[in-house]
Each structure stands twice: as C-alpha cells, then as structure tokens.
Amino acid sequence: MQDLISNPQSRPLVFISHRSTDKTVAEILTTFLCGVGVPKDAVFCSSLPGNDIDQCISKEVKEALKSSAVNIAILSGDYYESAYCLNEAGILWFLDNIPVIPITLPEIDSTNMRGFLGNEYKLRSLDSDADISYIYDTIQESLGLSHVKTSFFVSESLKLKHSYSNYLSSRTTHPVPSLPQNNPTPSSTDLLSYVTTDDERIILYYIAKKEVRKASFQSISDWLTQNEIFGVNIENAFDLLSSNGLGKTSDENASIFELSMDVFRKLTSNTILFVTRLHPYIKKHQKLAAIMFKNLWEQNCLDSTQKLFVAYLQDNKVSHLGARWMEASQIADIEQWENRNGMDAILSLAYGKCLEFFIDNNLVYASAWTSYDNPKEYTLYASLQNCLFAPSSEYSNLSKEIKEEYLYPLPF
C-alpha cells in the first residue's frame, strides 16, 4: 500500500472514483469542473473493470492516486456491488491527508453506507447549491486555482443541475443490496473462518492496517484510543488468537502478540480486501467524540459556562487539559484568556466542573498519569479537535458566536 502514497507526480489531480455504470454522472461533474476553471487534464475518472473480486488496482489508477489533491467517490447501488470499487474506496480512506468528497445518487444516504466511506463523511449531492459550492471551493483551494467570476459559477451550476436532473429522470434505480444478517460461512481456507469475536477481528484489522507481525498490548491500546474505538478486550483477543493457532504471545506477561509468518503472509497478500471486510467491526465499536459533541450542542446540553469553556479551547487551540497538580497552570492560562477578553473570573472558577463534564461525556481521554496511576492530563479526542479547530468545520466559529452572546451583553 505504501507505493500509493510515495513519489507524487508534479500535477495535482481531482480523482473521481465511480462505477462504470455511473460514467454519465462522472462526465456531468467533469464538464462542470472544466467550466469553472479546472483544467481537463487535472481530472482523472477511474475506469472500473467490473465485479471481479481479484481484479487489481491498475497501474494507471495508482499513478493518479499518487498525484490526487482531492478524491471524489460517486456512491451508488452499483458502486457497492463492485469489489473493485470497494477496494478503491479503501484506498481513498487510507489516504486520510487528502480531502474525500462522497457524492451520492438518490438510493444512497447515511443509513445504508458501508465499508470505509461510512456515515462519518458529509454526503454531497449534485442537485444541491450548497453542496456544489462546497465541491468547487474544496477543489479550487486544493489545486490552488483562481476563483472564477460569480456569473460563470452560477451559469455552470445551473447546467450541472439541469444535466443531473435529466439523467435521473431516465435512470433505472439501482438499490443497494441488503447486507446479510449473519456472516456467511467462510471456506476452510478463509483466514476469517478462524475468528468468531469482534476482539479478534479488530486486532487482526490493526495488524493488517499497520502491516506488522508483532503487536504490543500498549500499541494497540493507544491505537484504539486515538481512533475512538471502544469495547475491545485486547487480552481476550490475544488469548483466542493464540489458542486457535494463528499466532502466539511472545513475552512472559503475554503483552505482545506475534502472528505466525504463514498467517501474516496470507493476511498481507491482499491487505485492502482484508481490511475492507473487517472495517464494519471497527465502525461498530467506534464512537466519535465529534458526534457526541454535536449531539450535546444541538440538544442545548451545555450551560453558559461550558460554552465559554468551548470558546477558550477554540481561541487557544487547547487540546491538552491539566488535572490534579497540573490543574493550577491550566487555570492560570484560563485567567489570562479571561483578562484578554475583559471578563470576570467565570470559567477559571468552574474549570474543574467543565473538565468533569467533558470526561463524563467521553469528549476527552486520560493521556498522562501520576506515579500512583491517577490521570494528571486529559486530551481531546482527535475527531473533536478536528471539529473545533479545523477551518472547514461547521463548528469552527463557535468561539465568536459564544463570546458575542455571553461575553459582551448589551448595556440595556
């Protein structure tokens, strides 16, 4: 997989992943992009050969992926029936430093997405003005292009929506095949036939994703925390994987699991396919702090002091929060922020309760401990950091809104 992200070409591309049956949609989108100033040779539409599960990603597609600055996936019922498409979607997900824009046809929504491009992604549609603007802005910024005149953009947007509407009116709906309620019985040669618990599956996913044969308890634990995956018993997974002969624990504390060489070779012979099959178990156990925060915010579960805490985090890009003896320096930092904003000691006096609220709602995790194994520092989960700090996030301007409402009341 490493060869997909090395040796980038000089020209950045917009990579469009799609099923060959959805070629018309890709062409409609490409026509729009060229109309708003994207060079035609900067758009690459992958040519998908079909349903053959053993079909390899072509050299041409690999080269395009090396140069992609924005990745677009046109999701449809047909797309999800193609193993090739699912493999390609896995690569788009793996290249997580490149923006991914899922564009859906009418039969796809957040409830029936599957695989790597799951419902944590914001879905876009070619009949939405807001989504079309987002697609253009993302591509324009990623490719470093000049903005076109508003009149050109509006004209090309109308053409895009008209062409897309005409296409849908003559299209036969392709529903998403329903997922089986139970896993099909695998063949005797299938590696996954040896595992029956989510604990084992998730550890094997980690090994496949990292392409390592040895995995320590601590490294897996850190990875689970960083990816906000919960409810995984690592010790149980090590025991079960060792008991069924897939590997062994290799130190006296059983804190390192070592996959057998034969199993490792089988697992890494088709990494993308393997992690694609295991990814639903990751999604099952993943609980993103960003989603939790959005739910709390939209349901108005934060009081005014907790909202000020969010404003403080955003203003200072604070991701690490001190506890116990480290609490004093955190409060001092908050006091400086309060002084800069000309406000009373509101947040600094309530810091402990605000931190407790974040802990209770799984928005932070313990990241440093005292000699007695008590947490002395907490860190915002990665998804929440992105939610609060990323310029493109829908919550990126919360601090300004909060301060306008709570810090600067009108004098009457």
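Numbers here simply count residues along the sequence, with the first being 1.
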request  = Determine, stepwise, if the pair N362 / K287 fulfils side chain to side chain contact (heavy atoms under 4.5 Å, CB included).
outcome  = CA-CA 9 Å; N362 292 321; K287 299 177 181 179; over 6 Å; no
Testing the basics here: between [X] and [Y], what is the closest heavy-atom pair and its distance to 0.1 Å?
{"X": "E156", "Y": "V36", "value": "CB-CG1, 3.8 Å"}
{"X": "Q306", "Y": "C301", "value": "OE1-O, 3.8 Å"}
{"X": "T104", "Y": "Y164", "value": "O-OH, 3.7 Å"}
{"X": "L388", "Y": "L313", "value": "CD1-CD1, 4.5 Å"}
{"X": "L347", "Y": "T305", "value": "CD1-O, 3.9 Å"}
{"X": "Y136", "Y": "V148", "value": "OH-N, 3.1 Å"}

With a 4.5 Å heavy-atom cut-off, do [X] and [Y] have their side chains touching?
{"X": "V310", "Y": "Y395", "result": "no"}
{"X": "L241", "Y": "L204", "result": "yes"}
{"X": "T138", "Y": "S142", "result": "yes"}
{"X": "L224", "Y": "I202", "result": "yes"}
{"X": "W93", "Y": "Y121", "result": "yes"}
{"X": "V318", "Y": "L380", "result": "no"}
{"X": "I72", "Y": "I139", "result": "yes"}
{"X": "T379", "Y": "L321", "result": "no"}

inquiry  = Centre-to-centre under 6.0 Å for Y365 and Y381, is that the case here?
reply    = yes
Pair F309 and F358, ring centroids less than 6.0 Å apart = yes
Cut-off 3.5 Å, side chains only: do [X] and [Y] have a donor facing an acceptor?
{"X": "E338", "Y": "S348", "result": "yes"}
{"X": "S125", "Y": "D127", "result": "yes"}
{"X": "E401", "Y": "N397", "result": "no"}
{"X": "E200", "Y": "T197", "result": "yes"}
{"X": "E211", "Y": "T268", "result": "no"}
{"X": "S169", "Y": "N166", "result": "no"}
{"X": "D199", "Y": "N236", "result": "yes"}
{"X": "S219", "Y": "S216", "result": "yes"}
{"X": "S17", "Y": "Y79", "result": "yes"}

message = Tell me whether K317 at atom NZ has more than 12 heavy atoms from other residues, nucleotides or ligands lying less than 6.0 Å away.
response = yes
message = Tell me whether F152 at atom CZ has more than 12 heavy atoms from other residues, nucleotides or ligands lying less than 6.0 Å away.
response = no
request  = Begin with the C-alpha distance, continue with both residues' side-chain angles, and end with the deciding distance and a verdict on side-chain hydrogen bond (donor to acceptor under 3.5 Å, both in side chains) for S383 and E228.
outcome  = CA-CA 8 Å; S383 66; E228 303 170 58; 2.8 Å; yes
Could you tell me whether the side chain of [X] and the main chain of [Y] form a donor-acceptor pair under 3.5 Å?
{"X": "N361", "Y": "F357", "result": "yes"}
{"X": "S68", "Y": "V70", "result": "no"}
{"X": "Q286", "Y": "N227", "result": "yes"}
{"X": "E258", "Y": "K248", "result": "no"}
{"X": "R19", "Y": "C85", "result": "no"}
{"X": "N374", "Y": "T370", "result": "no"}
{"X": "S128", "Y": "R124", "result": "no"}
{"X": "S170", "Y": "Y167", "result": "yes"}
{"X": "S396", "Y": "S392", "result": "no"}

Check [Y] with [X], please: is the shortest side-chain N to carboxylate O separation under 4.0 Å?
{"X": "K353", "Y": "E356", "answer": "no"}
{"X": "D315", "Y": "R340", "answer": "no"}
{"X": "K294", "Y": "E394", "answer": "yes"}

request  = Tell me, please, whether Y281 has R201 positioned over its six-membered ring: NZ or CZ under 6.0 Å from the ring centre and within 45 degrees of its axis?
outcome  = yes
inquiry  = Would K209 and W223 count as a cation-pi pair here, with the cationic atom under 6.0 angstrom from the ring centre and within 45° of the axis?
reply    = no
request  = Determine, stepwise, if the pair E27 / D22 fulfils side chain to side chain contact (heavy atoms under 4.5 Å, CB included).
outcome  = CA-CA 9 Å; E27 291 175 344; D22 301 320; over 6 Å; no
message = For K161 and D129: C-alpha separation, side-chain torsions, deciding distance, then whether salt bridge (charged side-chain N to carboxylate O under 4.0 Å, His left out) applies.
response = CA-CA 9 Å; K161 290 191 292 182; D129 289 329; 2.6 Å; yes
key: Steps toward side chain to side chain contact (heavy atoms under 4.5 Å, CB included) verdict (L29, I16)   = CA-CA 9 Å; L29 177 59; I16 303 178; 4.0 Å; yes
request  = Start with the C-alpha distance between V14 and T30, add both sets of side-chain angles, then the distance that settles side chain to side chain contact (heavy atoms under 4.5 Å, CB included), and finish with yes or no.
outcome  = CA-CA 10 Å; V14 178; T30 300; over 6 Å; no
Between atom [atom1] of [X] and atom [atom2] of [Y], what is the distance when rounded to the nearest 0.5 Å?
{"X": "L86", "Y": "R277", "atom1": "CG", "atom2": "CZ", "result": "12.0 Å"}
{"X": "Y351", "Y": "I334", "atom1": "OH", "atom2": "CD1", "result": "6.0 Å"}
{"X": "C387", "Y": "Q314", "atom1": "SG", "atom2": "CD", "result": "8.0 Å"}
{"X": "S146", "Y": "Q140", "atom1": "OG", "atom2": "CD", "result": "7.5 Å"}
{"X": "E327", "Y": "E377", "atom1": "CD", "atom2": "CD", "result": "13.0 Å"}

task = Tell me, with the steps shown, if E107 and Y80 meet side-chain hydrogen bond (donor to acceptor under 3.5 Å, both in side chains).
result = CA-CA 11 Å; E107 67 269 22; Y80 282 120; over 6 Å; no
D222/Q218 under side-chain hydrogen bond (donor to acceptor under 3.5 Å, both in side chains): CA gap, chis, key distance, verdict = CA-CA 6 Å; D222 292 343; Q218 188 60 53; 2.8 Å; yes
ask   = For S157, which residues count as a side chain to side chain contact (heavy atoms under 4.5 Å, CB included) partner, sequence neighbours excluded?
value = F32, I132, F153
